[in-house]
Amino acid sequence: MLEKGLVQVYTGKGKGKTTASLGLAFRAAGQGLNVFMIQFLKADKIGGEHKAAKILPNISIEQYGAAQFYKKKEEAEKIHREKALEGLKRAREVVMGEEYDMVILDEINVVLDYNLIPLEEILKLIGEKPQKVELVLTGRNAPSEIIEQADLASEITMVKHPFSQGIKARKGIEY
Ligand code: ATP
Ligand code: MG
């Protein structure tokens, strides 16, 4: 168990934010910590992390996003907002509960940037989290208020990405 859990932020335009948080989860799990990851804005569970988490007893992942194929923008936004609020409720439960040592809120910075949930709610969660919980927040465009509250913030710069060569997301690497 951690004596003092910190708040970590991974942001920026380069690849590696979700990857970094999964690396943390893997390392933490190896040391016997219990990890809970909430993925905002994602809904398909196609990622390799979901399969790996089934094998590792102390990593759990849940998704709170809308599926890709809504016809109308307003409809998609409404569902994203509802799901994000559900995810926030779940995040509160797992952070405040006794069970988890590390809680990862994947893409939460994007959720805040899109105003799907109020920034105050996450600032409140940071302020109220139990001492032992390590809280990890990922996603582009982290609000400055979040960075101010964090103990660690890394901004990943996009120097090169294979997408610009037309290389699409690869199974086992990007998902
Ligand atoms: P990853 O999940 O690979 O660590 P990430 O969390 O840093 O990426 P996101 O902003 O969440 O980045 O990106 C979502 C998807 O877009 C991922 O499949 C990611 O690999 C890909 N991606 C990340 N950065 C770029 C970029 N600069 N150009 C194109 N695609 C990108
Ligand atoms: Mg990501």
Side-chain angles (χ1 to χ4, degrees), residues 6-30 33 35-56 59-70 73 76-77 79-88 90-91 94-95 100 102-117 119 121-122 125-126 134-147 149-175:
L6 302 178
V7 178
Q8 303 193 26
V9 176
Y10 293 90
T11 193
K13 289 192 166 59
K15 174 188 164 75
K17 302 170 292 289
T18 299
T19 305
S21 70
L22 288 169
L24 284 170
F26 184 74
R27 181 180 280 162
L33 301 184
V35 180
F36 200 99
M37 179 185 231
I38 290 185
Q39 293 186 331
F40 289 91
L41 306 172
K42 293 176 185 165
D44 40 41
K45 284 206 170 185
I46 55 168
E49 61 265 35
H50 298 281
K51 292 175 192 168
K54 279 190 190 148
I55 305 167
L56 293 165
I59 301 182
S60 305
I61 310 177
E62 289 180 6
Q63 292 187 323
Y64 293 87
Q68 299 286 320
F69 41 76
Y70 294 99
K73 195 171 157 269
E77 204 183 301
I79 292 165
H80 270 303
R81 192 179 300 280
E82 284 168 7
K83 287 281 177 189
L85 286 168
E86 251 182 70
L88 171 66
R90 187 73 173 124
V94 295
V95 169
Y100 297 98
M102 176 181 284
V103 179
I104 301 164
L105 305 182
D106 187 37
E107 310 302 350
I108 189 68
N109 297 329
V110 181
V111 166
L112 294 173
D113 191 43
Y114 289 174
N115 284 315
L116 295 178
I117 62 178
L119 173 61
E121 291 289 338
I122 296 300
L125 189 64
I126 292 173
E134 187 88 1
L135 186 59
V136 182
L137 311 170
T138 87
R140 293 172 184 219
N141 301 327
S144 56
E145 294 90 336
I146 294 282
I147 291 176
Q149 294 303 312
D151 299 288
L152 180 160
S154 290
E155 181 164 9
I156 300 176
T157 307
M158 208 279 285
V159 178
K160 270 189 165 186
H161 195 287
F163 188 75
S164 59
Q165 292 178 54
I167 299 172
K168 300 236 167 74
R170 293 162 304 154
K171 189 174 180 177
I173 307 291
E174 271 79 35
Y175 68 95

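Numbering of ligands and ligand atoms starts at 1, following listing order.
At a threshold of 4.5 Å between non-hydrogen side-chain atoms, the residues D44 and Q63 count as touching. Contact of the L116 side chain with the K83 side chain is not registered, since no non-hydrogen atoms from C-beta on lie closer than 4.5 Å. Annotation: side chain of V110 is not in contact with side chain of N141 (no heavy-atom distance under 4.5 Å). No side-chain heavy atom of I61 sits less than 4.5 Å from a side-chain heavy atom of D106.
With hydrogens and angles left out, the side-chain atoms of S154 and Q8 include no donor and acceptor closer than 3.5 Å.
Of the options K17, R170, E107, the smallest heavy-atom separation from atom 12 (O) of ligand 1 is shown by K17. Of all the listed residues (E174, M158, K160, R140), R140 holds the heavy atom that lies closest to atom 24 (N) of ligand 1.
Put simply, atom 28 (N) of ligand 1 has protein non-hydrogen atoms near it, under 4.0 Å away. When distances from atom 17 (C) of ligand 1 to the protein are checked, no heavy atom turns up under 4.0 Å.
Considering only non-hydrogen protein atoms, atom 3 (O) of ligand 1 sits nearest to K15 NZ, 2.6 Å. Among protein heavy atoms, the minimum distance from atom 2 (O) of ligand 1 is reached at T18 CB, 3.3 Å. In this structure, the protein non-hydrogen atom closest to atom 22 (N) of ligand 1 is H161 NE2, 3.4 Å.
When each atom of ligand 1 is checked for a heavy atom of T19 under 4.0 Å away, the hits are 1 (P), 3 (O), 4 (O). Proximity to F163 (heavy-atom distance under 4.0 Å) selects the following atoms of ligand 1: 29 (C). Atoms of ligand 1 found under 4.0 Å from any heavy atom of K13, numbered from 1 in the order shown, are 24 (N), 27 (N). Annotation for ligand 1: atoms under 4.0 Å from non-hydrogen atoms of G16 are 4 (O), 5 (P), 7 (O), 8 (O).
Here the shortest heavy-atom pairing between S21 and I104 reads O-CD1, 3.4 Å.
The aromatic rings of F36 and Y100 stand perpendicular to each other, their planes meeting at an angle above 60°, with 30° marking the opposite boundary.
In this structure, the separation between CG on L152 and OH on Y10 is 5.0 Å, given to the nearest 0.5 Å. Summarising the geometry, atom CD belonging to E62 is positioned 10.5 Å from atom CZ belonging to F40; distances are rounded to the nearest 0.5 Å.
Counting backbone and side-chain atoms alike, T18 contributes an N/O/S atom closer than 2.8 Å to the Mg ion (ligand 2). Residue contact annotation: E107 places an N/O/S atom under 2.8 Å from the Mg ion (ligand 2).
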